[in-house]
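Remember, it's a predicted structure, so these values are computed and weren't measured experimentally. Naming: A, B, ... by sequence-line order, numbering from 1 per chain.
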4 protein chains.
Amino acid sequence: MPKTTFFNLPEEKRQKIIDAALEEFARQPFHKAKIATIAENAGISIGSFYQYFEDKKDLVKYILNLLAQKKLEYINQDMVANREKYGFFELCRAITYSGLRFAKENAKYIGIANTILADPSLQSEILGDNEQVTIEFYKELLEIGLAKGELDPNIDVDLVARFLTSLSFSLIDIVYKDRKIDLNDLESGIKVMDKLMGFIENGIKKRD
Amino acid sequence: MPKTTFFNLPEEKRQKIIDAALEEFARQPFHKAKIATIAENAGISIGSFYQYFEDKKDLVKYILNLLAQKKLEYINQDMVANREKYGFFELCRAITYSGLRFAKENAKYIGIANTILADPSLQSEILGDNEQVTIEFYKELLEIGLAKGELDPNIDVDLVARFLTSLSFSLIDIVYKDRKIDLNDLESGIKVMDKLMGFIENGIKKRD
Amino acid sequence: MPKTTFFNLPEEKRQKIIDAALEEFARQPFHKAKIATIAENAGISIGSFYQYFEDKKDLVKYILNLLAQKKLEYINQDMVANREKYGFFELCRAITYSGLRFAKENAKYIGIANTILADPSLQSEILGDNEQVTIEFYKELLEIGLAKGELDPNIDVDLVARFLTSLSFSLIDIVYKDRKIDLNDLESGIKVMDKLMGFIENGIKKRD
Amino acid sequence: MPKTTFFNLPEEKRQKIIDAALEEFARQPFHKAKIATIAENAGISIGSFYQYFEDKKDLVKYILNLLAQKKLEYINQDMVANREKYGFFELCRAITYSGLRFAKENAKYIGIANTILADPSLQSEILGDNEQVTIEFYKELLEIGLAKGELDPNIDVDLVARFLTSLSFSLIDIVYKDRKIDLNDLESGIKVMDKLMGFIENGIKKRD
DNA sequence: CATGAATGAGCCTTCATTCAT
DNA sequence: CATGAATGAAGGCTCATTCAT
């Protein structure tokens, strides 16, 4: 966690530092990213950087948490809170849709998490159980869907949850890498999503 | 590409070097992986290393090509050559199945490609058009399937090809990360695969 | 010398700063001792520190002077003032005894002077002529002793003075390092001292 | 301990590095001594330095060991081996004499050990039980002297051993700091020593 | 071809000191 | 006077690459 000095900073300055960090980590993997560059782009001195953060890892952890948090904010909290009232596929669509919006509005930084977490020597130390949380969330949705009779009772809940989790990352990947899909046209984004969701729906919904 | 001296080496020695490199890249991201370590584990001197390879990047490119090549070898070449004679889903299953076997027999090194390619500063330089190749291959299979009337004519060939490509990586990911799926029991591996393929099949096959 | 602001401080605050400095210098050599730590332990801000002291060296010089001064205070001033009236060995015993009491009551900080003065890059700059003063003092005592016929006229005054000075530091060293000598039992302290003084006395007193 | 690469170096080069280190540590305390300076004065690159030594501490430990070893070599090994055959004061004189010769021929570097070991944060880590060894050695000599009836049976063996040990360092200190004692005139060195030993002898020898 | 010592640019991190509030 | 954020020079250490043997 950043030191308290960081949080005492004026909003604007703090944001500038975060932006500089995001930019650098988007360009360089952890071990090649230079704090000097980050500091310079943030308009602060190296010494100041070390008054805000314990060290390089401290910064990375914070950035990653920020991204995770930001992504969560895109999800419709009302739907999540009242998940019982919505259909499974409706929820999945909403979640995926929020993921899309997140991707659209943060296109520049989506690759960062992947880049950072690809470093085996950081994973264990930095990565919390974010992924596990996502899996558990999908499992719960699936259980609800099964109880309501929306889903094929034969599906392997664990496996499907894992698959949906992995898929959500894939989706972002596709959107992120394929610049041909114009994210500024949200319409087309939704269409992409709908098609993908169609695959899933056809695959696991209950058939009469 | 490695220098000719490398290819003049006795098979055994060459393999030892490759193994050492794989091991190191599995443990460390590109910029933290040390040639000194690789050389030592390979039982050669640092000087020799530089007689075989141009530099560090040269080694990485070679290793990546090796892995791609090895994965290809797992695919039933007869089916690929005579792809016209097989059903689309049959081919997909076979390809996925080969991916599974590859994952099973090279579990240790699966993460390497991901780790290496997560480095944005390497991607453009090192990554060839491997992924594009895969996408094109799937597109061809889809076109054939469409021509044969196996597939729903409404699907977006480009998107589905992209999706299948991404999916194949996801699959490997799931298998790779989830140690609960006992890869030694190939039966279960196949079951996993079949379930996943079921989703796809339900999603894009032609319905009468 | 500290700035006047320092001496305007309430006694208590000043002492807290001194204590914090002593503590830090006891733990770390000059170049590793941190003003930030001293300031924090003293309950003042770094900025305040620099309002009291010119710089780090200023503090060290002051601390060293304080210790020297404090040690002097342990010596029976009456005996020193009227040195002519006392026997040489009586004076030596008294001085050594006072050194012991100083060591006992300031055990925690005895090592500081040694630690600081071991730094060659500081010695010339910081060290006054404290040691020379001590040597001169012993020389005077020896001259008096010789004049009174207490001492063997053949001794080399300069050398013995130097030796006694060095010895006084050795004594403190022994007491300081050897925790087996229970300083709380002053009785035993005196016994140690008496034995050491016995060596000297036998060595330089006039024999008839 | 230095790496093997260091010991593979030609004698001359090795010596140059040691000399450069001695010179730097004589001028600067541990935390201010710069490897860059040592490397430069030794005529090697910084990189080379780190191929010879693990790190700065590694070098210091080695230098300290060297000095201790060198000092030992000055002692008449025959006398030490056959200590039973020599008188206590004879042995003490010989040991002190060897210390003097060591001081004379290594005047420049005598202060180094003191300087380095004055750093509390290094003592525990670097200092072995060298001092304890010396104390034990003197204790043994004293026991032999007592058994032979050479010494006053009332002396406190432990205390005197400790005192002699401390004294041997003091002696070196005097010689080291007092440039007025011309060490090039060994005659005068011996005289100094004899006087000091006289004090001790008078203090602890058996009186009839 | 093999070797491994030599090189030095490069980067993280520290901390004494300053200064604006 | 008090504060504590800002500064940046400085130094330990790493490691890819070269080269003489």
In the strands shown, is E/dC12 matched to any nucleotide by a Watson-Crick or G-U wobble pair with both distances under 3.5 Å, and which?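 The base-pairing partner of E/dC12, which may sit in any strand shown, is F/dG11.
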
Complementary nucleotide of E/dA20, counting Watson-Crick and G-U pairs under 3.5 Å: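 Pairing partner, where one exists within any strand: F/dT3.
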
Across the strands shown, which category fits [X] at heavy-atom distances under 4.0 angstrom: base, sugar-phosphate, nothing?
{"X": "A/I46", "result": "base"}
{"X": "B/A39", "result": "nothing"}
{"X": "B/F53", "result": "nothing"}

Please state how far atom [atom1] in [X] lies from atom [atom2] in [N], giving the value in whole angstrom units.
{"X": "A/H31", "N": "F/dA16", "atom1": "NE2", "atom2": "C1'", "answer": "16 Å"}
{"X": "D/K32", "N": "E/dT14", "atom1": "NZ", "atom2": "P", "answer": "20 Å"}
{"X": "D/D58", "N": "F/dG12", "atom1": "CG", "atom2": "C1'", "answer": "14 Å"}
{"X": "D/D55", "N": "F/dC15", "atom1": "CG", "atom2": "P", "answer": "14 Å"}
{"X": "A/L59", "N": "E/dT13", "atom1": "CG", "atom2": "C1'", "answer": "14 Å"}
{"X": "A/I44", "N": "F/dT7", "atom1": "CD1", "atom2": "P", "answer": "8 Å"}
{"X": "C/I35", "N": "F/dT3", "atom1": "CD1", "atom2": "P", "answer": "16 Å"}
{"X": "A/F6", "N": "F/dA6", "atom1": "CZ", "atom2": "C1'", "answer": "16 Å"}

Among [options], find the nucleotide with the atom closest to the side chain of [X].
{"X": "B/N8", "options": "E/dC1, F/dA16, E/dA5", "result": "E/dC1"}
{"X": "B/S45", "options": "F/dG4, E/dG4, F/dT7", "result": "E/dG4"}
{"X": "A/Q51", "options": "F/dT14, F/dA5, E/dA2", "result": "F/dA5"}
{"X": "D/K34", "options": "E/dA5, F/dG11, F/dA2", "result": "F/dG11"}

First of B/A36 and C/Y52 reached from the 5' end of DNA chain F, by closest nucleotide: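 Closer to the 5' end of DNA chain F: C/Y52.
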
Where each residue is assigned the nucleotide of DNA chain F containing its nearest heavy atom, which of A/K13 and D/F49 is assigned the position nearer the 5′ end?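 Closer to the 5' end of DNA chain F: A/K13.
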
Looking at [X], I'd like to know if its [atom1] atom is crowded, meaning that more than 12 non-hydrogen atoms belonging to other residues, nucleotides or ligands lie closer than 6.0 Å.
{"X": "A/K3", "atom1": "NZ", "value": "yes"}
{"X": "A/E12", "atom1": "CD", "value": "no"}
{"X": "A/E40", "atom1": "CD", "value": "no"}

For B/L64 and B/A113, work out which heavy atoms get closest and say how close.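 Taking B/L64 first and B/A113 second, the nearest heavy atoms are CD1-CA, 4.2 Å.
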
Taking all atoms of both residues into account, what is the closest heavy-atom pair of A/A33 and A/F25, and its distance?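 Result for this residue pair: CB-CE2, 3.7 Å.
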
Does A/Y50 have a side-chain nitrogen or oxygen under 4.0 Å from the phosphate oxygens OP1 or OP2 of E/dT14?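 So the side chain of A/Y50 is outside the cut-off, no N or O lying under 4.0 Å from OP1 or OP2 of E/dT14.
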
Can you check whether D/F6 and D/Y62 have ring centres sitting under 6.0 Å from each other?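 Ring centres of D/Y62 and D/F6 closer than 6.0 Å.
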
Hey, which of these two, D/S48 or B/S48, hits DNA chain E nearer its 5' end, going by closest nucleotide?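 Between the two, 5'-proximity favours B/S48.
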
Let me spell it out: for each of B/T4 and C/K56, pick the nucleotide of DNA chain E with the closest heavy atom. Which residue's pick is nearer the 5' end?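 With B/T4 and C/K56 compared, the 5'-side residue is B/T4.
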
